[in-house]
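Not measured: the values here are computed from a predicted model. For this chain, numbers begin at 1 and follow the sequence in order.
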Amino acid sequence: MSRVRQPPLVTGISPNEGTSWTKVTIRGENLGTGPADLVGLSICGHNCLLTAEWMSASKIVCRVGPAKDDKGEIIVTTKSGGHGTSTVSFKLLKAEKIGILDQSAVWVDEMNYYDMRTDRYKGISPLSLRPSNPLGIDFDKGKVPLKDLEALFPGVSGEFTSENFSATWYLIENHSVTSFDQLRMAASNLKKQATKKNEGSLAYVKGGLSTFFEAQDALAAIHQRLESDGTERVEGSMTQRLENVLNRASDTADTLFQEVLGRKDKADSTRNALNVLQRFKFLFNLPLNIERNIQKGDYDVVINDYEKAKSLFSNTEVSVFKKVYAEVETRIGALRSLLLDKLLETPSTLHDQKRYIRYLSDLHASGDPAWQCISAQHKWILGLMQNCKEEFINCQRVGLGAIALDLEGDPRPSAFSRIRDTAPLNKGGILHTPRHNTWHYETPQQVQFVEKLSDVVIGQLPNFWKLWISYVNGSLFSETGEKSGQVEKSKKNARQRQNDFKKMIEEVTHRLVKLVRGALLPSTLTELELRLYGGWENKTELTGPWLTQVIHTVRIIFEALVALEIPNDLLQVIQDLLLELRHHCLLVTLHHTAEDVKRVAEKEDWVVDNEGITSLPAQFEQCMVQMLQSLKEPMETKPGEVNILQLDQDQASELCVDIIKDEGARKLCERIMKVFINCLEQLSTKTDRDIDTSHMSVDLASPNLFSGIQEDFCPTLEQRLLIILSNCQYLEKHTFLNLAEHFEKHGFTGTEKITRVTVHAVKELDESLFDAYIERKSDPIVGSLEPGIYAGHFDWRDCSTPTGVRNYLKEALVNIITVHAEVFTVSKDLVPRVLTRIIEGVAEEISRLMQCVSSFSKNGAIQARLEIDSLRDAVASYLSSESHASFKQALEVLPQLHNGADKKLLEELLNTFKSSMQLQLTCFQPSNVQPVKR
């Protein structure tokens, strides 16, 4: 609900008395909100609105008119408050009556002078006493345009003072909708005025009728005397004397009244000039007021004054008015040029642009200022974007540029640096090379450039788009512009220029995309485009984290433009850029991760935990997890984006022509896995001198260590093979499965194939390494059996009664026990696999040797059966079907024991062997300790 204003209240007037046309200052409350709000002002009953000058809501300055009342109130009337009241009064003093022959030291206002002939005041109206309302009825103007009247009545005018006055024009202009009764009343008023004028002349004649008669009698008597005298031409005659008297009377009258009449004529001309200046002071002061208001920046006041002057004097026929109005037009023309320069000046705010466009519209400037502003802003934005690129390239050439950032506060370290500074998964410390707090690195120039370009686009393009929207809906214009039809004209122009503006937006978005491509994806541009938008000398490829930051910045730009409701077809080029950047970031990150994995493998410390594995699988898994986490933002599919992980090979190849086309995301993941497996293989083949022990340390938290580990521990080749075998088993059973879950969680496709390929590769490596270890351990044991059996020229056909198991078998068992101890120290899970394979080789060799014997004596048969049974019973826990078959073949070659004494002897010797080597054979018993599952 709008607030109701209080009626005006006059509380003071200064001075509070004076003659007519005295300048007074009125003070009070609620005296109006502006000049247009003031609609009435009377002092002592006389309307003083014509001379009123509104200063503020509490002050009005005016001149007192020739009121009838000697004392009266000051009444102010406003549109907002209505008819007001007054608490003070003004006393009107009567001017001293001064005749036409009396001299006065003061100026006599002859607008209302005293006529001594009629003994009453007589008013003189300026400009030939032109009546303001000759018909005596209220004006009721219609909406007939002045141009139509000029066309209907050529060569005539509706002005009373014009020689070509047309009553029809006057009635159509001022009373086109007046009722017939009112017009009849106006005709009656005109008759009364004409009758009054005639009656006034007749009364004047009646009042001086006696004087006329007396003059006529005197003239008749003189005529008779002259005729009787008959001496009209004689010197000294009556006629001559009368002529002399009349001449002297005339000279005396001239002497008396010449100066007075001259002063009167001069006063009349001065009075008329002052009246004109007073009445039309607005026009005469307008050029200077325009200049002053322009200097103060009060353009609204200038426009309002100009509209007022234009409506009053644009078609004037008075030469002085034409001259002054021409000067006004000159000043307004200079103001148009000034406002247009300010409008096209950059940079400027959207508020200022709208303001200047409205000013130019109200001033009826030629052309289309709004479109000129849009074109200027478009060129300026393109220039800003291009200058941004040139500035960075120039800084790059002179060695300036990137701002060093503290890595401690930067969330985008490389994958390897994150691994190095982060505790491993479920492990103790792995890489003991903490980062120094003072380590800094520089933000790449290209990243800074994209961020700066983002500031330019986000800072300028929204205002540019809003200016166009205002231009389309016509909100750039004031109420005056709406009435003059400029809004409809603007909308029509906007419809015609819609395609031109669309091209402007396309040019801005394409320029943005090409500048980003020139900095990050130069291979996607043509040679001509590279010369315009490229020029970057730094050939170092950005890493994944920096590309992620660039993607984040470009997404911010896209979201800001979408929020403006810019059509999607104009923003598709930015979507395409985002898709390529995301795909590029994915492949670059995978490539860099492969290099990080190599460096991780190089830091193997060979320290095993109680599960028989080192920190290497955990480091590798953590490296891969960190990679997936770094790809989370680039791979995230925002509204309107394509899932980059679901692109087929052809689409990826079309998008990233500067990346290896035959490697998609899945193949690169497989490649990373194989790189790690190859690193394991290389670690297993290194010689002792190739192993770098400077980074190795002992994990004191691990209870199960090599018995001989010291700070300078260096594993042997066999130990490295066992450690890597243990790691391979862990990779196959745990790490690769965990990574498959992570891949699926982050949206990667084809994880089953990745897992299948990598598991197959690690199995091949496992088999290769296992065969190598068995070969190194099994061959010496198997090779020592035949020499041991036939040591001392032993002969199965001629041997003494057996007394126990011979030393060669004990040595073989001790060697097996040594292997067991070595494997058990690394991994309990590997013991059955290793011992089973070694025992298979030993059993096969025993079977072969037995089959090579041509014949056995009784004692030889007992000795052979004792040694075979002792070996078989000692390693019974690690016998396989192949071992059983070999031992069975060996026993089948031996003669059967039918004598009970021989069987008893065999049993006693077997028991003796078991009891004597009970401690050594304990290691072959099944272990109740189960490996700890990770």
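The distance between the ring centers of Tyr325 and Phe313 does not fall below 6.0 angstrom.
Taking 4.5 Å as the limit, some side-chain heavy atom of Val24 sits within range of a side-chain heavy atom of Pro15. Side-chain contact between Arg63 and Gln278 is present, with at least one heavy-atom pair separated by less than 4.5 Å. Counting heavy atoms from C-beta outward, Pro7 and Asn30 have side chains that stay 4.5 Å or more apart. Residues Tyr299 and Lys342 have side chains in contact (heavy-atom distance under 4.5 Å, counting atoms from C-beta outward). For the pair Arg497 and Asp368, the minimum side-chain heavy-atom distance is below 4.5 Å. A heavy-atom distance below 4.5 Å is found between the side chains of Ile43 and Cys62. For the pair Tyr306 and Glu329, the minimum side-chain heavy-atom distance is below 4.5 Å.
For the residue pair Leu343 and Leu360, the shortest heavy atom distance occurs at CD2-CD1, 3.8 Å. Contact between Ser89 and Lys71 at its shortest, heavy atoms only, is OG-CE, 3.0 Å. Closest approach of Arg331 and Ile290 over heavy atoms only: CB-CG2, 3.9 Å. In terms of heavy atoms, Ser20 sits closest to Gly65 at OG-O, 3.8 Å. Here the closest heavy-atom approach between residue Asp305 and residue Phe282 is recorded as O-CZ, 3.4 Å. Closest approach of Ala309 and Leu286 over heavy atoms only: CB-CD2, 3.4 Å.
Distance check, rounded to the nearest 0.5 Å: OG of Ser42 to CD of Glu73 gives 9.0 Å. Between the CG atom of Asn275 and the CZ atom of Phe280 there is a distance of 10.5 Å, given to the nearest 0.5 Å. Taken from OG in Ser166 to CG in Leu171, the straight-line distance is 8.5 Å, to the nearest 0.5 Å. How far CD1 of Ile60 is from CG of Leu31: 4.5 Å, rounded to the nearest 0.5 Å. Residue Ile303 holds its CD1 atom at 12.0 Å from NZ of Lys310, rounded to the nearest 0.5 Å. Separating the CG atom in Leu41 from the OG1 atom in Thr77 is a distance of 8.0 Å, to the nearest 0.5 Å.
Remark: Asp300 does not engage Arg355 in a salt bridge, criterion side-chain N to carboxylate O under 4.0 Å. Salt bridge annotation for Arg271-Asp268: present, with a cationic side-chain nitrogen under 4.0 angstrom from a carboxylate oxygen. Salt bridge status for Asp251 with Arg248: absent, with no side-chain N to carboxylate O gap under 4.0 Å. Using a 4.0 Å cut-off between a side-chain N of Lys or Arg and a carboxylate O of Asp or Glu, Lys323 and Glu327 do not qualify as a salt bridge.
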Derivation of the side-chain contact (heavy atoms from CB on, under 4.5 Å) call for Thr168 and Val156: CA-CA 10 Å; Thr168 307; Val156 298; over 6 Å; no
Chi angles and distances behind the side-chain contact (heavy atoms from CB on, under 4.5 Å) call for Val320, Phe284: CA-CA 10 Å; Val320 65; Phe284 293 113; 4.0 Å; yes
Quick one, Val64 with Cys44, criterion side-chain contact (heavy atoms from CB on, under 4.5 Å). Give me CA distance, side-chain angles, the key distance, then yes/no. CA-CA 9 Å; Val64 180; Cys44 298; 5.7 Å; no
Report the C-alpha distance between Leu312 and Leu283 in whole Å, list the side-chain angles of each, state the deciding distance to 0.1 Å, and finish with yes or no for side-chain contact (heavy atoms from CB on, under 4.5 Å). CA-CA 9 Å; Leu312 293 175; Leu283 177 62; over 6 Å; no
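A donor-acceptor pair under 3.5 Å links the side-chain atoms of Ser269 to the main chain of Lys266, judged by distance alone. Checked by atom type and distance alone, the side chain of Ser348 never pairs as donor or acceptor with a backbone atom of Leu344 at under 3.5 Å. Using a distance-only test at 3.5 Å, with no hydrogens or angles considered, no donor-acceptor pair links the side chain of Thr316 to the main chain of Phe321. Although no hydrogens or angles enter the test, the distance criterion places a donor-acceptor pair under 3.5 Å between the side chain of Trp54 and the main chain of Ser56. Formation of a donor-acceptor pair under 3.5 Å by the Thr87 side chain with backbone atoms of Val10 is found in this model. No donor-acceptor distance shorter than 3.5 angstrom exists from the side chain of Arg27 to the backbone of Gly12, with no hydrogens or angles considered.
The local environment of CG in Leu190 is crowded, with over 12 non-hydrogen atoms from other residues, nucleotides or ligands closer than 6.0 Å. Summarising the local packing, CD of Gln496 is surrounded by more than 12 heavy atoms from other residues, nucleotides or ligands at distances under 6.0 Å.
Between Tyr170 and Phe165, the two ring planes are tilted [angle within 30° to 60°].
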